[in-house]
Trainee: 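Okay, here's the structure, questions in a sec.
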Amino acid sequence: MNSCQLGDLKMWALMGVVCLCHSVFGQFFETKMKGTPRLICSVPGSPGLPGKPGPSGAQGAEGNVGIPGRDGRDGRKGEKGEKGDTGLKGRVGPIGKIGERGERGPAGKRGPTGENGNLGPPGPAGRRGEKGDKGKRGPRGTAGICRCGSLLPKSAFSVGITSSYPAENTPIRFNKVLFDEGAHYNPQTGKFICAYPGIYYFSYDITLANKHLAIGLVHNGQYRIKTFDANTGNHDVASGSTVMYLNPEDEVWLEIFYHDQNGLFADPSWADSLFSGFLLYADTNYFDTLAEDYA
């Protein structure tokens, strides 16, 4: 240890002794003045008992108003009071909206009969009633003039065609009309439409060339005749005919029924492919019933 460090240590020791002496003498003189023996450098004792309460101080200033408290509970319902005097009648309020329509009430008593009104316009004609029973035969009338020929139904046609190789599976339109009694054949559609029920005869004579021919007679979409003719290298003729019963509005026509077998040949200057038909005799029962309806 060098001399500098030794001098600092002595100084710190001297300061400690001075402080200790100051504390001891201070306690000694304090004890002597108060007359209470006390050990010098002793540990402080426990706190003493509380003293008596001092006198009340002066009243303080009035504090600020506090926050209002919560509402109390509702009290019990009181007894019903006596009925008061009738008040003055109030003003009439505004008219309210019209309410919904109520249910229909019961019918009232029938009122007196009114005067007859003017005659109204005639109403539409009613449906035709059912046919009544046949009446009794009336007295015989005077003899009339016989015009039976004008009453005989007539229906006949014969048509040709001006173009070759028609389309398949569709009516062939024979557009060259040679004869058409009654105008029952339509050259625009190629169909014959029955006007009078009865027995009819139909026939066809078709020239073919360069192709085979598969042709049939059709009645209301059903084949009645089917004929097939093979092409032999020369012109040939295919034909067919039949008799059938037709009702009014029945349709009859010719058509090609097989693919690429439409060898029908036609020359516009000739009439070599023909379709014909006519009424053999009418259904007399139909005409008798028709005559009774009109009588």
Side-chain angles (χ1 to χ4, degrees), residues 77-157 171 177 180-200 202 218-222 224 244-253 277-295:
K77 186 176 181 180
E79 296 180 0
K80 186 175 181 180
E82 296 180 0
K83 185 176 180 180
D85 297 334
T86 304
L88 299 176
K89 186 175 181 180
R91 296 180 180 179
V92 179
I95 299 175
K97 297 181 179 179
I98 298 176
E100 297 180 357
R101 185 173 182 178
E103 296 181 358
R104 186 172 182 177
K109 296 181 179 180
R110 184 173 181 177
T113 304
E115 297 179 0
N116 293 334
N118 296 329
L119 184 65
R127 295 182 180 179
R128 186 173 181 178
E130 297 181 358
K131 185 178 179 180
D133 296 333
K134 188 175 182 179
K136 296 181 179 180
R137 187 170 183 175
R140 186 171 183 176
T142 58
I145 301 173
C146 179
R147 295 179 179 176
C148 301
S150 61
L151 301 177
L152 183 67
K154 300 176 182 179
S155 180
F157 73 97
V177 178
D180 190 10
E181 177 70 34
H184 301 149
Y185 175 81
N186 188 346
Q188 303 299 324
T189 62
K191 295 181 178 181
F192 171 80
I193 301 177
C194 175
Y196 308 117
I199 306 300
Y200 285 80
F202 294 97
V218 184
H219 172 214
N220 290 341
Q222 302 294 326
R224 287 301 188 92
M244 67 179 73
Y245 180 89
L246 297 183
N247 288 305
E249 305 300 326
D250 281 1
E251 297 178 339
V252 179
W253 68 88
F278 56 89
L279 174 65
L280 287 175
Y281 55 89
D283 187 343
T284 55
N285 293 330
Y286 172 85
F287 286 99
D288 290 344
T289 303
L290 192 65
E292 291 177 359
D293 292 339
Y294 281 97

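Note that the structure is a prediction, hence the values are computed from the model and not measured.
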Trainee: How are the rings of Phe202 and Phe192 set relative to one another: parallel (under 30°), tilted (30 to 60°) or perpendicular (over 60°)?
Mentor: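 Rings of Phe202 and Phe192: perpendicular, over 60°.
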Trainee: Give the intermediate values and the outcome of side chain to side chain contact (heavy atoms under 4.5 Å, CB included) for residues Phe157 and Val177.
Mentor: CA-CA 8 Å; Phe157 73 97; Val177 178; over 6 Å; no
Trainee: I'd like to know whether Cys194 forms a side chain to side chain contact (heavy atoms under 4.5 Å, CB included) with Tyr200, so could you lay out the CA-CA distance, the side-chain angles of the two residues, the decisive distance to 0.1 Å, and finally the verdict.
Mentor: CA-CA 9 Å; Cys194 175; Tyr200 285 80; 3.6 Å; yes
Trainee: How far apart are the closest heavy atoms of Lys154 and His184, and which atoms are they?
Mentor: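 Taking Lys154 first and His184 second, the nearest heavy atoms are O-CE1, 3.7 Å.
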Trainee: Can you name the nearest heavy-atom pair linking Phe278 to Ala156, along with the distance?
Mentor: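 Residues Phe278 and Ala156, closest heavy atoms: CB-CB, 3.5 Å.
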Trainee: Nearest 0.5 Å, please: how far is CG in Asp283 from CD1 in Ile199?
Mentor: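 Rounded to the nearest 0.5 Å, the CD1-CG separation comes out at 8.0 Å.
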Trainee: To the nearest 0.5 Å, how far apart are CG in Leu280 and OG in Ser155?
Mentor: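 Separation between the atoms: 11.0 Å.
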Trainee: Can you list every side-chain hydrogen bond (donor to acceptor under 3.5 Å, both in side chains) pair that touches residues 189-199, not counting sequence neighbours?
Mentor: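 Counting only pairs at least two positions apart or across chains, the side-chain hydrogen bond (donor to acceptor under 3.5 Å, both in side chains) contacts touching residues 189-199 are Lys191-Glu251.
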Trainee: Is it true that, when you exclude Tyr281 itself, more than 12 heavy atoms of the residues, nucleotides or ligands shown sit nearer than 6.0 Å to its OH?
Mentor: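 Not more than 12 within 6.0 Å, no.
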Trainee: When rounded to the nearest 0.5 angstrom, what is the spacing between CG in Leu246 and CD1 in Ile193?
Mentor: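 Atom-to-atom, Leu246:CG and Ile193:CD1 are 11.5 Å apart.
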Trainee: Search all heavy atoms of Trp253 against all heavy atoms of Gly221 and return the closest pair with its distance.
Mentor: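 Between these two residues, the closest heavy atoms are CH2-N, 3.5 Å.
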Trainee: Partners of Asn220 by side-chain hydrogen bond (donor to acceptor under 3.5 Å, both in side chains), sequence neighbours excluded?
Mentor: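 Checked Asn220 against side-chain hydrogen bond (donor to acceptor under 3.5 Å, both in side chains); matches are Asp250.
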